[in-house]
Amino acid sequence: MAAYNQEDIIRYVEGEMSPEESLSFEAMLGEDEALSQAVQQYREVQTTLSARLQPDPGLHQLKTTLEAQRTVHFQRKGKVVAFKKYLTTIGVAAAVMTGIFLFRFYSRDTNYMDNYGNIEMQVAAERGSNEDTLLQSAALYFNEKAYTKVIPLLDTYLKKDSSSQTALYYRGIAATRTGAVGAGLADLAKVYEGESVFKYDAAFYMALYYAQAQNKKEALVWLKKIPADASAAAKAAALEKDLK
Amino acid sequence: MSTHPDQRYLEGLLQNDTLLVQEIYQRFAGKIKHHILQHQGTEDDAADIFQESIIDIYHQAKYKQLQLTCPFEPFFLLICKRKWLNEIKKRGRQPVTKRLDDVYEVGEDVFAAAEQVVREEAQANMYLAQFERLGEKCREILRLSLTGEAQEKIAAAMGVTYGYLRKKKSECMATLLSFIQAQKI
């Protein structure tokens, strides 16, 4: 490509070369892959910018729709309630701040489940079979926190496919949340013993359960089982820090 | 390969069908939130990735006439996950080694379609970002030239000769290409 520079490439694509110059450029194109790629890239840049530098009212409208849905389905973080208007005296301010401090202290110690236990059930609907429908229904109830309705559905599912780690994992969590703690922990331990993608999520949930039950020692035992490259590793490290 | 009935999602995005956008959020926002929260991200990250993925698909449908030959769900979720993985790398964090298609068993066709969207859109955004680095004059010349205005008309509007405009446009384009190539190294 050494014989031609960027401006030559542009002149060629724009049809600004003389016929002779154009012919020798084309001869070189067949031999020089780098030159050929540079010409292709120029064409791509030109096509992309030609399209995307045009005003697009459709995109603008779509973005407005997306913003509206975003506020419904995602919580915006970092919004701080302005306390100022409530603080009429220093005494009130002190009382409020103390209250906040105590609340934070209290929540840090006891609300591990609130901080780390926001789990949604996800299933893949690939085959469209009855078994899939069972899982889909279970997921709907699970995500609405109707755990008592989840368990019978997953029981039925597991009768047909006792090896399903997805069903075991979510049944385990649902059971611990309906008071059937022993059964729930047994399901989760089975998932941890297996080799599915839920293996370390199950270990994390075990740790979380024990942390919430103020059994710090057992919680740490389960956290230690989670390797650094697991998807649950970041949460595990954060929970471990909170426990210490 | 024939077009999948889920092509309706792409058509809906092109027409800003608010009910369809609502359906996409209702069906998938929770899943993406869950995935990103479990992979070192925040809820704001999840909302951004979700929104950007929809816009990427809109662009592909509009400019590349993308035809969906696979179901929308695994395709969309994989785009979101892939974009998040790229974002983690960009932020200099170590991504976890867990596979992208962990929960969703995706076919090769889905994987290829999603990868193409992510790759082409990242490239288009890079071109636009490099375009924004050009000086004001260059941007004006290129914007007018590339969006189809006649060269003579542009030259007259800018108070320059046609010859000067051609030369300047060529210089601006060469600068833009050098910016773009520097990004690829």
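The shown structure was predicted, so the numbers you read here are calculated from the model rather than taken from an experiment. Just so we're on the same page: letters track the sequence lines, and every chain starts at 1.
The distance from atom OG1 of A/Thr71 to atom OH of B/Tyr25, rounded to the nearest 0.5 Å, is 9.0 Å. With values rounded to the nearest 0.5 angstrom, B/Ile32 atom CD1 is found 7.5 Å from A/Phe74 atom CZ. Taken to the nearest 0.5 Å, the CG atom of A/Leu66 stands 5.0 Å off from the CD1 atom of B/Ile54. Between A/Ile119 atom CD1 and B/Leu37 atom CG the span is 11.5 Å, to the nearest 0.5 Å. The CD atom of A/Gln41 lies 5.0 Å from the OH atom of B/Tyr127; values are rounded to the nearest 0.5 Å. With rounding to the nearest 0.5 Å, the separation of CG in A/Asn118 from NZ in B/Lys33 is 7.0 Å.
The number of heavy atoms from other shown groups lying within 6.0 Å of CD (B/Glu152) is above 12. Heavy-atom neighbours of A/Tyr209 OH from other residues, nucleotides or ligands within 6.0 Å: at or below the threshold of 12. A 6.0 Å sphere centred on CD of B/Gln65 holds more than 12 heavy atoms belonging to other residues, nucleotides or ligands. In this structure, B/Lys62 places its NZ atom where more than 12 heavy-atom neighbours from other residues, nucleotides or ligands lie under 6.0 Å away. Dense packing is recorded around CD of B/Glu132, with more than 12 heavy atoms of other residues, nucleotides or ligands lying under 6.0 Å away. Sparse packing is recorded around NZ of A/Lys63, with 12 or fewer heavy atoms of other residues, nucleotides or ligands lying under 6.0 Å away.
For chain B, the nearby part of A/Asp56 is the side chain; its heavy atoms alone come within less than 4.5 Å. Contacts between B/Asp45 and chain A at a heavy-atom distance below 4.5 Å are absent for every atom of the residue. Only the side chain of B/Phe131 has a heavy atom closer than 4.5 Å to any heavy atom of chain A. Contacts of A/Ile10 with chain B are made by side-chain atoms alone, with heavy-atom separations under 4.5 Å and no backbone atom involved.
Closest approach of A/Leu62 and B/Asn16 over heavy atoms only: CA-OD1, 3.5 Å. Nearest heavy atom pair, residue A/Arg70 against residue B/Asp48, reads NH1-OD1, 2.7 Å. Contact record, A/Leu59 with B/Tyr58: N-OH, 3.2 Å, taken as the closest heavy-atom pair. Taking both residues in full, the closest heavy atoms of B/Ser178 and A/Gln6 are given as N-NE2, 3.9 Å, listed atom of the first, atom of the second, then distance. Among all heavy-atom pairs drawn from B/Lys31 and A/Glu120, the shortest one is N-OE1, 4.1 Å.
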(message) Walk me through whether B/Gln38 and A/Asp201 qualify under side-chain contact (heavy atoms from CB on, under 4.5 Å).
(response) CA-CA 10 Å; B/Gln38 294 219 326; A/Asp201 290 327; 4.0 Å; yes
(request) Might you work through the salt bridge (Lys or Arg N to Asp or Glu O under 4.0 Å) test for B/Glu121 and A/Arg52, ending with a clear yes or no? (result) CA-CA 11 Å; B/Glu121 287 305 305; A/Arg52 301 192 189 207; 2.8 Å; yes
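Looking at A/Glu67 and B/Gln51, their side chains do bring a donor and an acceptor atom within 3.5 Å of each other.
Annotation: maximal heavy-atom pairing with chain A below 4.5 Å, among B/Gln26, B/His34, B/Gln15, B/Arg166, occurs at B/His34. Of the residues considered (A/Thr47, A/Thr48, A/Thr65), A/Thr65 shows the highest number of contacts with chain B, using heavy-atom pairs under 4.5 Å. No other option in B/Gln130, B/Glu120, B/Gln22 has as many heavy-atom pairs under 4.5 Å with chain A as B/Gln22.
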If you look only at distance, which donor and acceptor atoms sit under 3.5 Å apart when one is on a side chain in residues 168-176 of chain B and the other is two or more places apart or in another chain?
unit_1   : atom_1 : unit_2   : atom_2 : d
B/Glu171 : OE2    : B/Lys167 : NZ     : 2.8
B/Thr175 : OG1    : B/Glu171 : O      : 2.9

